Number of protein chains: 2
Amino acid sequence: MEQPKRIVIVGGVAGGASAAVRARRLSEGADIVLFERGPHVSFANCGLPYHIGGVIPERARLLVQTPQSLMARFNLDVRVNSEVQSIDPGARTVTVRNLKTGQVREQPYDALVLSPGAEPIRPPLPGIGDPRILSLRNLDDMDRILAAMAGATRALVVGAGYIGLEMAEAFRERGLEVVLVEKLDQVMAVADADMVAPLHGELRAHGVDLRLGLSVEGFEPGPEGLTAKLSDGSQVVCGLAVLAIGVRPETALARAAGLALGSTGGILVDEYMRTSDPAIWAVGDAVEVKDTVLDGPALIPLAGPANRQGRIAADNILGRKSVYKGTQGTAICKVFGLAFAITGQSEKVLKRKGVAHHKIYIHPADHATYYPGAQPLTLKLLFDGEGHILGAQAVGAAGVDKRIDVIATAMRGGLTVHDLEDAELCYAPPYGSAKDPVNMAGFVASNVLRGDTALWEPEELEALRPDQVLLDVRTLQEFQAGTIPGAALAPVDELRDRLDELDPAKEHLVFCQVGLRGYLASRILSQLGYKVRNLSGGYKRYRMSVGGA
Amino acid sequence: MEQPKRIVIVGGVAGGASAAVRARRLSEGADIVLFERGPHVSFANCGLPYHIGGVIPERARLLVQTPQSLMARFNLDVRVNSEVQSIDPGARTVTVRNLKTGQVREQPYDALVLSPGAEPIRPPLPGIGDPRILSLRNLDDMDRILAAMAGATRALVVGAGYIGLEMAEAFRERGLEVVLVEKLDQVMAVADADMVAPLHGELRAHGVDLRLGLSVEGFEPGPEGLTAKLSDGSQVVCGLAVLAIGVRPETALARAAGLALGSTGGILVDEYMRTSDPAIWAVGDAVEVKDTVLDGPALIPLAGPANRQGRIAADNILGRKSVYKGTQGTAICKVFGLAFAITGQSEKVLKRKGVAHHKIYIHPADHATYYPGAQPLTLKLLFDGEGHILGAQAVGAAGVDKRIDVIATAMRGGLTVHDLEDAELCYAPPYGSAKDPVNMAGFVASNVLRGDTALWEPEELEALRPDQVLLDVRTLQEFQAGTIPGAALAPVDELRDRLDELDPAKEHLVFCQVGLRGYLASRILSQLGYKVRNLSGGYKRYRMSVGGA
């Protein structure tokens, strides 16, 4: 098979850069031209908030490659400040405008790779044109934010997704007051609401003025600074505002060239990352992917998948059949001292799509509690009736990434919750437990599937029936420190001796702190013929469900 | 199916304790009696070295359960200081001796679980009876070591496996001089020698007098303390010595009862953890397991598997078919600031058993290098010609446990090295890289299998042929700071311009620091028709192979 001689790549970050260097590794003979609209290629876009926050002091560290270094090492013809304005699929050429000189030229290709990325959404609000209203996508944006911070004492961040949260933290690191406005009742829209309560607490504990359930309705320049009007009628006066309410795939170029788009609005590609035009491939945040759990179309803008897609496009261009298997949605975000991570589908998406599922919560420590420094984490596991894992989320100060990575890998391997029971993971007291959180999640999920325990959910408290009783099976001290209103105390260690106090006609809704003692109580009672269910995730889950951490 | 009424368990730690509490969760009606020879049950045996070292200051934290707490919560009849002296499989009784009172009684059982553990090996050396020569298995041993430390200024540790290394660290934490003697030329016998060089450096950097390739030939009480005679004729004078040269399964009881032993000397069990006697199960360090990689018999004393086996034995006793799928050998050890972890088989075992395999080494950082605190780690991956993962080892200051856990899970899921390329793992700069070390390992391994790169090994330096040339493709600075003797410099970024300096008749053995630039150089040269191989793991691997860190 003859290899394409001229490979043209549009977009020099993540997916585009990966495609270019992979193409070179496969073909010393190809002419590879990389066009990038901005002045930089292959920069560390995930590092931008950390330079703003001062955690990465040297700006130069963000420049992973330069046009010169790519030329030297990979013999790539890298053209920065070069905007591809149109594609002629028939002639197989692109029209490129040099943004410095204004010069326009045509560039022929045998194979074209589009990696335009996704652009921050900028809604048409009154006053949106104020130069103090910024977004964060590239180094220029970062420099603008740094410049705007100079005289500012307060920053407004609109949107509490990954970038919004990282920016709120960055501004606090720099000593600014921060107002974080989020339209939803929770931060991190990809997460289930019940898993992010600890993030709300962490943000507020670090001085972020978090305002949930509000949106910005307009901006106005005022005498004391930029004034944002919120949907509840309040105002925020700030020195700068960062919009981080999401991104949309950049598809203008693809659309104009007649390439097919998917139902999500992203560029449609097949499993080889090829578009509807056989000479054009597309990768990264601009393309529609298949999610690996539900097999449906999705937009999942993440750095890892973008890199892999670039590599895969280059493989296929150069005659190697290489398949992109879809995106699982594994992601993590640092929020001050906590991490939140997710893989697969959330409960809310499963509900929205009508996918039958079970869920369990556990609150283990990241390593053996008798070894210093153990930190609590909360892990939520979603699975179907056969035990297939549909998704997982975790939040905590340590060990969150490890558990989500292990579960993500188990999902890729088609393992079930029963296999998580058996997972053989590293154990020494500084690193884990003989029964790792992943094993514990497997135990609890398997108990549900085997019918060993029936669970109840905090929402049921809204409509308790007269034939239901709430039973706190923790200790007196724990009970006195706070319990669910209406609960009676019956410590699990006394339960066998106090059976005469129970009414066999009633359903006993037991709970403990994290779910383990409640499970033991439920095993005792159910074996003795009592009707019993255990609060999923225990009192800690109840606290999270009412907004406590 | 009728459930056994009387369940008797011998051994109250890990496997035995797990079996007991699992049995109770499944059966409120069973009589469960747990005999433990020592004074404690269910203690944190993995925590013992850390209490000796002072990292876990409170001794009470090691007592996870007490006989009283197990009675209260699980209604278990726990008998400590109770040694089971014999089993009568015909009568289904055990004879138990109370070590405090001397009283002997018979206890009938319907189902018996043996969890006797493994005992530290104590070779019959001259002077071995000295009370200052100790082992570490339980709390009594720990207390004896703590007492012996009181007047001591120097400790001798014999054997550099998990316990030996943890004890060496513990003694250093307490300010003692430490001599660590190991018969092999490396610490951590389960590891491949080429992966533990950093541990040797770490031990010495923390003041441990590490003496490899030596054994202790005898002890003698001397005027200045206990004197150990080493195989090289030297002597070590110390206040106490800890023997940590390995353990052997405790099988005396099982043998006397006529139970079958396996070829490894452990108690033979089937996949349900049942021994050759249908009413007797066995779990934990005393049993022979199947290793999950080669499917062969093995002794793998680890806490996680022991716990799972106990649970599985209880399941099967109480009528639930539950299968133990074998032991993978996932383990980790902290050595001062480093961690070493392993899963699956080592290269030396694969070689010994004649299993064809490939191997690759990578030296990535645990997270994005532009984010502060990134630490280097070394990862070795072993795989077969179809890409099935046979084992992995890693060493480094951070992120070691996570990568080995992910690979261990991939192995359980039957994933290949190609799947590691695709693994979608948590990425944000504080936690990982867009191309995680696991992905990188997958890339390098897949490159080998696809024939994209040919590797050379440091051992080949011992017999270089005249038609081979060594080519250092790093920078001048790196070259000047140290290279492989005889290497010429040809930085990868200049390679395309300096092809006329290369002799097409020769084989070019290229290398860089960690293997990546060497790979790029090998791609350039091989595509242009040159004979070329890349040093597996780069100069860093070479340094490790000659004992450097």
Side-chain angles (χ1 to χ4, degrees), chain A residues 14 25 27-28 44 46-47 50 55-56 61-62 72-73 75 302-305 307-308 325 327-328 330-334 339 341 343 368 370-372 401-402 404-406 408-410 412-415 419 422-432 434-435 492-493 496 520 523-524 527-528, chain B residues 14 25 27-28 44 46-47 50 55-56 61-62 72-73 75 302-305 307-308 325 327-328 330-334 339 341 343 368 370-372 401-402 404-406 408-410 412-415 419 422-432 434-435 492-493 496 520 523-524 527-528:
Chain A
R25 287 201 298 275
S27 171
E28 270 297 303
C46 299
Y50 298 102
V55 174
I56 302 172
R61 301 221 63 170
L62 301 174
R73 183 153 300 169
N75 191 23
L302 288 170
N307 277 293
R308 276 193 292 289
K325 292 176 185 159
T327 303
Q328 193 167 343
T330 310
I332 189 166
C333 186
K334 176 182 180 299
T343 188
Y370 59 77
Y371 190 88
D401 53 335
K402 178 164 79 168
I404 292 298
D405 280 356
V406 166
T409 305
R412 278 292 172 109
L415 296 177
D419 295 309
D422 288 340
E424 200 183 310
L425 305 172
C426 290
Y427 167 54
Y431 307 102
K435 290 170 187 160
V492 61
D493 290 356
R496 290 184 183 89
L520 300 177
R523 289 300 301 160
I524 295 171
Q527 289 192 59
L528 298 174
Chain B
R25 288 201 297 276
S27 171
E28 271 298 304
C46 300
Y50 299 102
V55 174
I56 301 171
R61 301 220 62 169
L62 301 174
R73 183 153 301 167
N75 191 23
L302 288 169
N307 277 292
R308 275 194 293 289
K325 291 175 183 159
T327 302
Q328 194 168 340
T330 309
I332 190 166
C333 186
K334 176 182 180 300
T343 188
Y370 60 77
Y371 189 90
D401 52 336
K402 178 164 77 169
I404 292 298
D405 279 356
V406 167
T409 305
R412 278 292 171 110
L415 296 176
D419 295 309
D422 288 339
E424 200 183 311
L425 305 172
C426 289
Y427 167 54
Y431 308 102
K435 292 169 188 162
V492 63
D493 290 355
R496 291 183 183 88
L520 299 176
R523 290 299 303 159
I524 295 170
Q527 289 192 57
L528 298 174

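Within every chain, numbering begins at 1; the chains are lettered A, B, ... in the order of the sequence lines, protein sequences first and strands thereafter. Every value quoted in this text rests on a predicted model; they were computed, and no experiment measured them. Scope of the values below: all heavy atoms of this structure, side chains included, with no hydrogens, waters or symmetry mates.
Within the 4.5 angstrom heavy-atom criterion, only side-chain atoms of B:L520, from C-beta onward, approach chain A. Contact of A:R25 with chain B is made through backbone and side chain together, with heavy-atom distances under 4.5 Å. With a 4.5 angstrom heavy-atom cutoff, A:N307 touches chain B only via side-chain atoms. For a residue to count as touching a neighbouring chain, one of its non-hydrogen atoms must lie under 4.5 Å from one of that chain's; by this rule A:R496 touches chain B with the side chain only. Residue contact with chain B, scored on non-hydrogen atoms closer than 4.5 Å, involves the backbone and the side chain of A:K334 alike. With a 4.5 Å cut-off on non-hydrogen atoms, A:I524 touches chain B through its backbone and its side chain both. For chain A, the nearby part of B:Y50 is the side chain; its heavy atoms alone come within less than 4.5 Å. For A:Y371, the parts lying under 4.5 angstrom from a heavy atom of chain B are both the backbone and the side chain. Residue B:R412 touches chain A through both its backbone and its side chain, counting heavy-atom pairs closer than 4.5 Å. Contact annotation for A:L415: only side-chain heavy atoms (C-beta onward) come within less than 4.5 Å of a heavy atom of chain B. At a 4.5 Å heavy-atom cutoff, B:A14 makes no contact with chain A through either its backbone or its side chain. Proximity to chain A (any heavy atom under 4.5 Å) is shown, for B:E28, by both the backbone and the side chain.
Note on A:L62, A:L528, A:V55: by heavy-atom pairs under 4.5 Å with chain B, the leading option is A:V55. Between chain A and the residues B:A72, B:A331, B:A434, B:P372, the most heavy-atom pairs under 4.5 angstrom are made by B:A72. Your options are A:G47, A:A408, A:A410, and the one with the most heavy-atom pairs under 4.5 Å with chain B is A:G47. When the candidates B:P430, B:P305, B:A368, B:C333 are compared by the number of heavy-atom contacts under 4.5 Å with chain A, B:P430 comes out ahead. Between chain B and the residues A:G304, A:P429, A:A341, the largest count of heavy-atom pairs under 4.5 Å involves A:P429. Of the listed residues (B:K325, B:R73, B:K435, B:R61), the greatest number of heavy-atom pairs within a distance under 4.5 Å of chain A belongs to B:R73. Counting heavy-atom pairs under 4.5 Å between each of A:A303, A:G432, A:S27, A:A339 and chain B puts A:S27 at the top. For the set A:G413, A:G414, A:C426, A:A428, the entry with the most heavy-atom pairs within less than 4.5 Å of chain B is A:C426.
We find the CG-CG distance between A:N75 and B:D493 to be 11.0 Å, quoted to the nearest 0.5 Å.
The shortest distance between side-chain heavy atoms of B:I404 and B:I332 does not fall below 4.5 Å.
A:D401 has a carboxylate O that lies under 4.0 Å from a charged side-chain N of B:K402, or vice versa, which qualifies the two as a salt bridge.
Across every non-hydrogen atom of A:L425 and B:T330, the tightest pair is C-CG2, 3.5 Å.
Side-chain N or O atoms of B:E424 include one that pairs as donor or acceptor with a backbone N or O of A:Q328 at under 3.5 Å.
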